[in-house]
There are 2 protein chains.
Amino acid sequence: MTVTIYDVAREAGVSMATVSRVVNNNPNVKPATRKKVFEAIERLGYRPNAVARGLASKKTTTVGVVIPDISNAIFAEVARGIEDIANMYHYNIILCNADKKKEKEIRVINTLLEKQVDGLLFMGGAVTEEHQQAFRTANVPIVLCATSEESGNLASVDIDHEAAAYDAVQALIKQGHTSIAMISGTLEDPSNGYARFSGYKKALAEAGITYDESLVRIGNYRYESGADAMRYFLDLEQRPTAVFSATDEMAIGAIHSIQDRGLQVPGDISVISVDNSRMASMVRPQLTTVAQPMYDIGAVSMRLLTKLMKKENVDQAQVVLPHELVVRQSVGGSK
Amino acid sequence: MTVTIYDVAREAGVSMATVSRVVNNNPNVKPATRKKVFEAIERLGYRPNAVARGLASKKTTTVGVVIPDISNAIFAEVARGIEDIANMYHYNIILCNADKKKEKEIRVINTLLEKQVDGLLFMGGAVTEEHQQAFRTANVPIVLCATSEESGNLASVDIDHEAAAYDAVQALIKQGHTSIAMISGTLEDPSNGYARFSGYKKALAEAGITYDESLVRIGNYRYESGADAMRYFLDLEQRPTAVFSATDEMAIGAIHSIQDRGLQVPGDISVISVDNSRMASMVRPQLTTVAQPMYDIGAVSMRLLTKLMKKENVDQAQVVLPHELVVRQSVGGSK
DNA sequence: CTGTTAGCGCCTTCAG
DNA sequence: CTGAAGGCGCTAACAG
């Protein structure tokens, strides 16, 4: 039924070693016999079995990627960066959604390892001791992608979330705002949650603005939660003149809540966030936001992983990509 | 270095066959020896090698999915549906972007087949003779996911794009519109392009409205192209009172072009589209659109694929999922 | 430049 | 209920 390397060898009148060589582009084959082999392959419709090859060579040319949620535009963008580079280096990716849930993450890491991936790209929530444990038992390189980790002995690529948030809030402060609310993610989330919240507090502190707990709401990153949070702020007797949202999507929800009250953005209230997802320029007013290079984060992590898999030495295994304030239309001066 | 089934066998004082049995949950093992084996596994930190298993059993419990572009929200949603169901049935997915490019599609299909996937989910552009050819050489089931194919001898799941478009345009007609423009995708794209365009023409014809070529522009599905197309329509001496966009994203671009001219949606011009991506309710006015159940398309295709892989018999291998008009705020009556 | 020979780690009859 | 033995299809020395 299935045609193997052995069949090709017989058909071409050579040994299987020779067939293996031509299939693997080994230069040590006379052009004439190479041709013979190719013809036999063609004639028989031979297709190399990558599983057998993987068992024999101990390399699968596939990498595992655990991602929170592929249907989230931000992560999907990262994934595309990963896949493009993987493809360039002839790797395939096994994609697993884990929703930043620890149990799920550990589970998929293990099945990925069972499948003998040559490397692992981990995009998740907090990196716990259990994660470290699982990583240690892996005999393949791992790089954290868009996920924070303290210890610094794991390879990683991300932006500096705290600094990004800091820059966003400072942009507001520079416009004269002093009453600045924040729509945060859960503080359990190290990067999009805690770090961005820290950046907010830091910018406030540095500007001598006292932190006001009632000006912070925790959202779940979705549009509706941003809209809800904003409604809450609008109902305050002393409503803020500006709001910093941890993500674009919540910011857009906030903008619409403001507009639905008959108020203007940025005329009455300014809105800024972090992400620069494609949606940021697809709303009116267009969103001023701190850009985080999602595609590049994916691409760079994958590139780093290929180096690690080839045992090339890398000088810097913790890379922090730059972020950048993108000024559009949602921020104005304080009145 | 790596601990194998053989090591476990020795450690537990049984044969490798027995270890294999307990690892695979074969009931024919005495509880006592099962326990011994589990302890040995624990002690040694044994992790089954799925590649070896795959070679021996000829099953990899992984399916290939070729997708146009994972960073496109629509496809990302499908992908999530696929992965959720795959996960439920203990399959993993190898994800390949192919951008609806024939060459790329054929290439990844072949590498996926080399990797011995147990099944293939194909989401692409046109299904050419070459595709059929590649599919024929596969010894595993294949299901087309959100991609049209005439012959009807391939398993598939999708919506009826022509009918969806027809319904959208008819919704406009019911509001009294007779001058209806269309922002189409490329006609080379069978589903999102050609079929939706056909639905548009059909609805027009049925309502006795003569088709006007100058009222159709081809976009590339992106926001900007929708905005461009709309600007073109706005410059017409006889500008349309309504526009049907093949996708949400282009519709949003169109809305903004209208608003940027100081015109109102739907007051001056109505806009409708097909997709119902999450963005549809994240713009103002919220978009009236024909919903296409992306997640379900993914989930149902994967479910169908599992059945095919298990050789269960399926009564209907061509499934057409229902679409539905979602009325929001972007359509109004003709003046 | 080419062939021979061992495995890679596991599943799967077939006996017992 | 358990063990022995023969592959799965290919790579990787090692000879020649």
Side-chain angles (χ1 to χ4, degrees), chain A residues 1-38 40-41 44-62 90 110-111 113-118 139-140, chain B residues 1-38 40-41 44-62 90 110-111 113-118 139-140:
Chain A
M1 181 70 250
T2 75
V3 20
T4 75
I5 202 173
Y6 183 74
D7 301 318
V8 177
R10 193 158 27 68
E11 176 80 11
V14 300
S15 73
M16 32 187 299
T18 300
V19 178
S20 175
R21 288 193 186 94
V22 345
V23 168
N24 292 295
N25 266 311
N26 183 318
N28 293 345
V29 180
K30 211 196 309 178
T33 80
R34 178 182 302 277
K35 181 154 172 291
K36 269 197 308 191
V37 172
F38 272 131
I41 287 177
L44 267 40
Y46 167 70
R47 178 158 28 218
N49 180 326
V51 171
R53 176 182 294 175
L55 183 58
S57 70
K58 292 174 163 306
K59 284 199 225 79
T60 54
T61 63
T62 109
H90 303 294
N110 281 313
T111 94
L113 259 19
E114 285 186 7
K115 296 224 169 171
Q116 312 300 119
V117 293
D118 293 339
N139 295 309
V140 296
Chain B
M1 180 70 251
T2 75
V3 18
T4 76
I5 202 173
Y6 182 75
D7 301 317
V8 177
R10 196 160 22 71
E11 176 81 11
V14 300
S15 75
M16 32 187 299
T18 301
V19 177
S20 175
R21 288 195 186 90
V22 345
V23 167
N24 291 296
N25 266 312
N26 183 318
N28 293 346
V29 180
K30 209 194 313 177
T33 80
R34 179 184 301 278
K35 182 153 172 289
K36 269 197 309 187
V37 172
F38 272 132
I41 286 178
L44 268 39
Y46 168 70
R47 175 154 36 214
N49 181 326
V51 172
R53 175 181 297 175
L55 182 58
S57 70
K58 292 174 164 304
K59 284 199 224 79
T60 54
T61 62
T62 107
H90 304 294
N110 281 314
T111 93
L113 259 19
E114 286 186 6
K115 296 224 168 171
Q116 311 299 121
V117 292
D118 294 339
N139 295 309
V140 296

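Sequence lines set the chain letters: A, B, ... in the order given, protein chains first and strands last, and positions in each chain run from 1.
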Exercise for the section: Using chain B heavy atoms and a threshold of under 4.0 Å, write down where along DNA chain C the contacts begin and end, 5' to 3'. Expected result: C/dG9 to C/dT12

Exercise for the section: Could you go through the side-chain contact (heavy atoms from CB on, under 4.5 Å) check for B/T60 and A/V51 one step at a time? Expected result: CA-CA 9 Å; B/T60 54; A/V51 171; 3.8 Å; yes

Exercise for the section: Can you measure from OG1 (B/T62) to NE2 (B/H90) and round to the nearest 0.5 angstrom? Expected result: 15.0 Å

Handout entry: Nearest-0.5 Å distance, CZ of residue B/R47 to CG of residue A/N139
Key = 7.5 Å

Exercise for the section: Starting at CD1 of A/I41, measure out to CG of A/D7 and round the result to the nearest 0.5 Å. Expected result: 11.5 Å

Exercise for the section: Would you kindly compare B/P27 and B/S57 by the position of their nearest DNA chain D nucleotide and give the one closer to the 5′ end? Expected result: B/P27

Exercise for the section: Could you tell me whether the phosphate oxygens of D/dG9, OP1 or OP2, come under 4.0 Å of any side-chain nitrogen or oxygen in A/T2? Expected result: yes

Fill in the blank from the handout: Of B/V14 and A/I5, the one whose closest nucleotide on DNA chain D sits nearer the 5' end is B/V14

Problem - Touch class at under 4.0 angstrom, heavy-atom based, for B/N49 against every strand present - result: sugar-phosphate

Fill in the blank from the handout: To the nearest angstrom, the OH-P distance between A/Y6 and D/dG7 comes to 13 Å

Handout entry: Heavy-atom side-chain contact between B/Y6 and B/V19 under 4.5 Å
Key = no

Exercise for the section: Take B/V8 and B/V37, measure what side-chain contact (heavy atoms from CB on, under 4.5 Å) needs, and give me the verdict at the end. Expected result: CA-CA 7 Å; B/V8 177; B/V37 172; 4.3 Å; yes

Handout entry: Integer-rounded Å distance: D/dT2 C1' and B/N26 CG
Key = 11 Å

Problem - Rounded distance (nearest 0.5 Å) linking atom CD of A/Q116 with atom CG of A/D118 - result: 9.0 Å

Handout entry: Spacing between B/K36 atom NZ and D/dT2 atom C1', to the nearest angstrom
Key = 10 Å

Exercise for the section: Mind checking A/V51 for me? I need base, sugar-phosphate or nothing, with any heavy atom below 4.0 Å counting as a touch. Expected result: nothing

Handout entry: Between D/dG7 (C1') and B/K58 (NZ): distance, integer Å
Key = 10 Å

Exercise for the section: Report yes if some heavy atom in the side chain of B/T61 is under 4.5 Å from a heavy atom in the side chain of A/K115; otherwise report no. Expected result: yes

Handout entry: Helix axis bend for the helix from C/dC1-D/dG16 to C/dG16-D/dC1 - C1'-based end axes, five pairs, 10° rounding
Key = 30°

Exercise for the section: Examine D/dG3: is either OP1 or OP2 under 4.0 Å from a nitrogen or oxygen in the side chain of B/S15? Give yes or no. Expected result: yes

Practice task
Round to a whole Å and report the spacing from CD of B/E114 to C1' of D/dC10.
Solution key: 13 Å

Completion exercise
The nucleotide from D/dC1, D/dG9, D/dG7 with an atom nearest the side chain of B/K30 is D/dC1

Handout entry: Between C1' of D/dC10 and NZ of B/K115, the distance in whole Å
Key = 15 Å

Handout entry: Full working for side-chain contact (heavy atoms from CB on, under 4.5 Å) between B/N49 and B/T4
Key = CA-CA 8 Å; B/N49 181 326; B/T4 76; over 6 Å; no

Completion exercise
By nearest-nucleotide position on DNA chain C, the 5'-leaning member of A/V29 and B/M16 is A/V29

Handout entry: Any donor-acceptor N/O pair under 3.5 Å between D/dG3 base and B/R21 side chain
Key = yes

Problem - Spacing of B/I5 atom CD1 and B/R10 atom CZ [to the nearest 0.5 Å] - result: 13.0 Å

Exercise for the section: Would you mind classifying the nucleic acid contact of B/T18 as base, sugar-phosphate or nothing, using non-hydrogen atoms under 4.0 angstrom? Expected result: sugar-phosphate

Practice task
Round to a whole Å and report the spacing from NZ of A/K59 to P of D/dT11.
Solution key: 11 Å

